[in-house]
Amino acid sequence: MANTDYYAILGLTKGASAAEIKKAYRKLARKYHPDVNPGDTDAEKKFKEISEAYSILSDPKLKEQYDTYGFVGERGAATGPDFNGFDGFGGAGGFDFSEIFDMFGRGGGGFRTSGATQSNAPAKGQDIQYSMKLSFQDAVNGVTSKIRVNRSKPCPTCAGRGQVPLARPTVCPRCNGTGRETAGGGLFHVQRSCSLCGGSGQIQEAQCNACGGTGRKPVTETINVRIPAGVDNGSKIRIAGKGEAGRAGGPPGDLFIITNIDPHPFFRRVGDNIYLTLPVTVSEAALGCKIKVPTVSGSTTVRIPPGTQCGQKIRIRGKGIKSLRTGTPGNMFLEITVQTPETRNTRVRELLHELSEYEDPDIRKHLPTEE
Ligand SMILES: [Zn+2]
Ligand SMILES: [Zn+2]
């Protein structure tokens with residue numbers, strides 16, 4: 001930012017006059033305007049650069065700052081004006097983009113340079129994202145919950161338009177009531193309707209004081225949210241129409257609830273499947289048994305077959321989580337860990353010694369060892 005040479009960007013040297021600056025900018029803007037170079041990102045970048053340079057150099061205050069210090073601090077020159085920000089431009093430079101495009105016999109395309117035109121165009125409001133913490137069980141079963149969301153509603157004073165009718169219309173300061181203005185300079189002189197009053201010569205509306213011209217009023221709203229069964233971490237639930245207020249009668253944006261689920265003390269979730277580590281004793285694993293285990297929806301009794309090994313997985317069909325999309329439940333998997341017995345008890349030690357006589361001496365024969 002400090003080293004940006006705004007004069008060079010416009011092909012000028014320091015000390016150029018206001019007329020030279022305007023002329024240079026006009027020439028370059030015609031060449032690089034995105035409407036003339038659709039899809040050309042280089043041209044767009046260049047256009048932003050020259051627009052930024054012009055917005056600084058055409059403003060006597062900013063120009064003086066820039067000439068003195070080599071940069072402009074307060075106005076966010078680092079980012080430059082973005083394409084939606086041209087509103088403020090007219091104020092800074094008094095330059096109207098539509099001037100350029102009247103010369104081509106067309107309007108400024110997507111560019112609305114007159115504040116009045118822009119605020120009257122209806123537009124959908126912005127979406128809001130809301131992160132919601134849920135317990136593991138609420139995510140499994142679904143839950144209805146009230147949340148408080150900071151959003152906005154259309155300003156009741158101006159019905160979201162940002163402007164209110166004046167009690168008495170005033171003479172348009174731009175055209176002095178003639179309804180016409182002269183566009184262009186140098187070789188071009190074009191008469192056309194005044195861009196501020198639209199040719200009526202009068203200003204009928206003023207910025208709404210209740211909302212400062214934004215057309216929106218901030219509200220804190222309590223919203224009932226139904227979280228469907230089966231949501232996972234990061235699931236996105238759309239609540240239509242509960243985002244920010246639309247502009248000038250446009251529809252409101254949407255509210256998106258992003259779920260953030262607490263881990264469970266012993267269930268692990270992978271997709272719609274549930275994993276549970278199940279400790280069994282040596283005798284249970286070897287002889288087989290029946291065990292009552294908890295599930296996400298209660299409990300169930302499973303048969304551990306004789307000869308079950310440590311690390312073996314046992315599937316229980318349909319005891320996982322109900323799929324958010326299909327409604328069918330996933331599966332539950334028991335991951336068996338065989339617990340080695342404590343040997344403080346003498347009798348246990350005796351039994352294990354006895355057992356060892358019957359154990360497989362070749363248990364590790366598949367692991368060759370070198371002498
Ligand atoms: Zn308002
Ligand atoms: Zn006017």
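Whatever order the structure lists ligands and atoms in, that order sets their numbers, starting from 1. Given the structure is predicted, the values throughout are model-derived calculations rather than measurements.
Using a 4.5 Å cut-off on side-chain heavy atoms (C-beta onward), K290 and I304 make no contact.
S135 and D262 are not linked by any side-chain donor-acceptor pair at a separation below 3.5 angstrom, with hydrogens and angles left out of the test.
Between Y25 and Y54, the gap from one ring centroid to the other is short of 6.0 Å.
Annotation for N260: atom CG counts as buried by contact number, over 12 foreign heavy atoms lying within 6.0 Å.
Using a cutoff of 4.0 Å between basic side-chain nitrogens and carboxylate oxygens, E221 and R151 are scored as salt-bridged. With respect to the salt-bridge test (charged N to carboxylate O, under 4.0 angstrom), the residues E335 and R268 qualify.
Sorted by chain and number, the protein atoms of type N, O or S within less than 2.8 Å of the Zn ion (ligand 2) are C172 SG, C175 SG, C194 SG, C197 SG.
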